[in-house]
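Counting convention: from 1, in listed order, for ligands and their atoms alike. On a predicted model such as this, the values are computed, not experimentally measured, just so you know.
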Amino acid sequence: MTRRQMLFSSALLAQAGGARPSPRQLLWHRMETYAFLHFTMNTFTDKEWGYGDEDPRLFAPTAFDADAIIDALAAGGMRGVILTCKHHDGFCLWPTKTTAHSVMAGFKRDVVKEISEAAARRKMKFGVYLSPWDRNHALYGKPGYVDVYRAQLTELLTNYGPVFEVWHDGANGGDGFYGGAREKRMIDKKSYYDWPGTWALVRKLQPDAVIFSDVGPDIRWVGNEKGFANETCWATYAPVGPDGGAPAPGFTRDKEGMTGHRDAAQWLPAECDVSIRPGWFWHENQNAKVKTGTELMDLYYKSVGRGASFLLNVPPDRRGLLHEADVASLRDFGRRVKGTFAKNLAGKMDRDMTVRVHGEWNIVRLREEIGQGQRVDAFAVDAWVGGDWKTVAEGTSIGACRLIRLPEMQRAPKVRVRVQRSSGPVVWKELGVYRETL
Ligand code: FUL
């Protein structure tokens with residue numbers, strides 16, 4: 001390219017406008033697959049939501065081993081891990097100064113520290129889930145509680161190294177123990193928490209961390225807990241409340257998160273959360289209901305393969321270890337992803353957006369260079385069959401990643417991508433062709 005052409009094309013790129021990811025969002029886009037650890041009081045009481053009146057000594061893992069947990073997640077290809085440092089029942093997995101309802105009452109080990117350090121040893125990023133709803137705390141629903149929440153967040157974001165994601169749940173308010181009051185406390189989701197103030201605190205303490213909630217500001221909930229995005233899934237999104245007015249965490253038109261909104265002003269990509277089991281927490285009677293490697297692969301294609309991330313929950317059991325069935329599924333999933341994408345069978349893309357392919361294949365991976373935004377509105381993938389181009393797939397959004405999985409192996413020696421509609425010149429990061437490892 002001559003200098004003149006380069007200047008011309010960068011001017012065109014700049015002209016295309018549209019929302020662009022921030023540097024911290026760009027870092028997050030590289031994560032693609034990371035784990036959730038739902039582990040707390042509920043693991044020992046066989047519940048999904050604790051009331052908040054549980055004896056803190058009930059949290060008593062018999063063989064807690066953070067390294068073993070992290071090793072199993074690494075075998076599954078997880079690049080990060082988000083721990084439920086406090087779930088709705090208010091029990092804190094670290095020795096907080098804000099409440100006696102913590103590991104210090106019995107177990108006396110800092111679970112947050114052990115997990116975050118084991119993750120760091122494995123070069124896995126660490127994230128925190130801190131439930132805004134606290135069914136144990138006497139001040140919940142009153143003005144003073146938000147200061148407690150922020151003090152807890154400050155501890156978590158100060159004492160445990162770099163944090164890549166802060167997870168704010170949308171389930172808020174209802175009945176609970178509340179320091180013995182045992183009553184129902186509803187809050188105004190739009191004003192009670194003063195979210196902008198909390199987000200500013202996160203920015204100050206961990207400037208590289210992305211903040212997740214139903215409304216972002218960095219990462220959005222995909223709108224279901226089944227682990228998939230819609231086939232068309234835009235990285236841009238403008239959340240609104242169910243009433244059409246202002247949104248808040250726990251107060252959006254959830255289902256719109258599955259597709260996002262083309263041309264929204266904010267880059268707010270989707271995260272697809274799902275549990276490897278029916279519940280978020282470990283329950284003995286679900287040991288035979290663990291998703292298989294094949295099922296997890298299907299979700300991978302429907303989340304990462306649609307430009308979103310895949311947040312897979314794998315809950316530790318009462319030993320403080322991942323159950324053998326979960327470990328086996330993780331390993332199988334990791335083997336399939338690693339095997340499939342180990343070798344790109346495509347050569348370099350030429351000017352006609354065509355690549356030569358060596359060997360049989362059934363997966364195509366497309367990536368836009370999203371630093372400049374998301375440009376493709378519609379595309380087709382063609383394969384060279386019998387001396388002619390044959391369309392094998394058509395789609396809409398691409399963005400960070402789009403995976404096309406064909407049911408049959410192909411022998412076509414050439415593949416090309418055609419942009420049918422776009423908001424500006426498209427900059428490609430990848431046109432890769434792969435053979436699925438089964
Ligand atoms: C939900 C919570 O109520 C569940 O317990 C779980 O933590 C899930 C990831 O988010 O809103």
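- Residues satisfying the ring-ring contact (aromatic ring centres under 6.0 Å, His included) criterion with F379, sequence neighbours excluded, are absent altogether.
- A salt bridge does not link D214 to R220: none of the charged nitrogens lies less than 4.0 Å from a carboxylate oxygen.
- Partner F164 forms a ring-ring contact (aromatic ring centres under 6.0 Å, His included) with one of F126, Y34, W28 and no other, that one being Y34.
- The closest protein non-hydrogen atom to atom 7 (O) of ligand 1 is H38 NE2, 2.7 Å.
- Atom 5 (O) of ligand 1 has H87 NE2, 2.9 Å as its closest protein atom, hydrogens excluded (heavy atom only).
- Proximity to E225 (heavy-atom distance under 4.0 Å) selects the following atoms of ligand 1: 1 (C), 8 (C), 10 (O), 11 (O).
- With hydrogens and angles disregarded, a donor-acceptor distance shorter than 3.5 Å links the side chain of T84 to the backbone of L37.
- At the shortest separation from atom 11 (O) of ligand 1 among protein heavy atoms lies D169 OD1, 2.8 Å.
- Inclusion of W280 in the set of residues having an N or O under 3.5 Å from an N or O of ligand 1 is not warranted.
- Not a single heavy atom of F281 sits closer than 4.0 Å to an atom of ligand 1.
- Ligand 1 has no nitrogen or oxygen under 3.5 angstrom from a nitrogen or oxygen of W167.
- Distances between N or O atoms of D273 and those of ligand 1 include no value under 3.5 Å.
- With hydrogens and angles left out, the side-chain atoms of T40 and N42 include no donor and acceptor closer than 3.5 Å.
- At least one N or O atom of H88 sits closer than 3.5 Å to an N or O atom of ligand 1.
- Screening W195, W221, Y193 for a ring-ring contact (aromatic ring centres under 6.0 Å, His included) involving H168 leaves a single residue, W195.
- No donor-acceptor pair closer than 3.5 Å links the side chain of R24 to the backbone N or O of V210.
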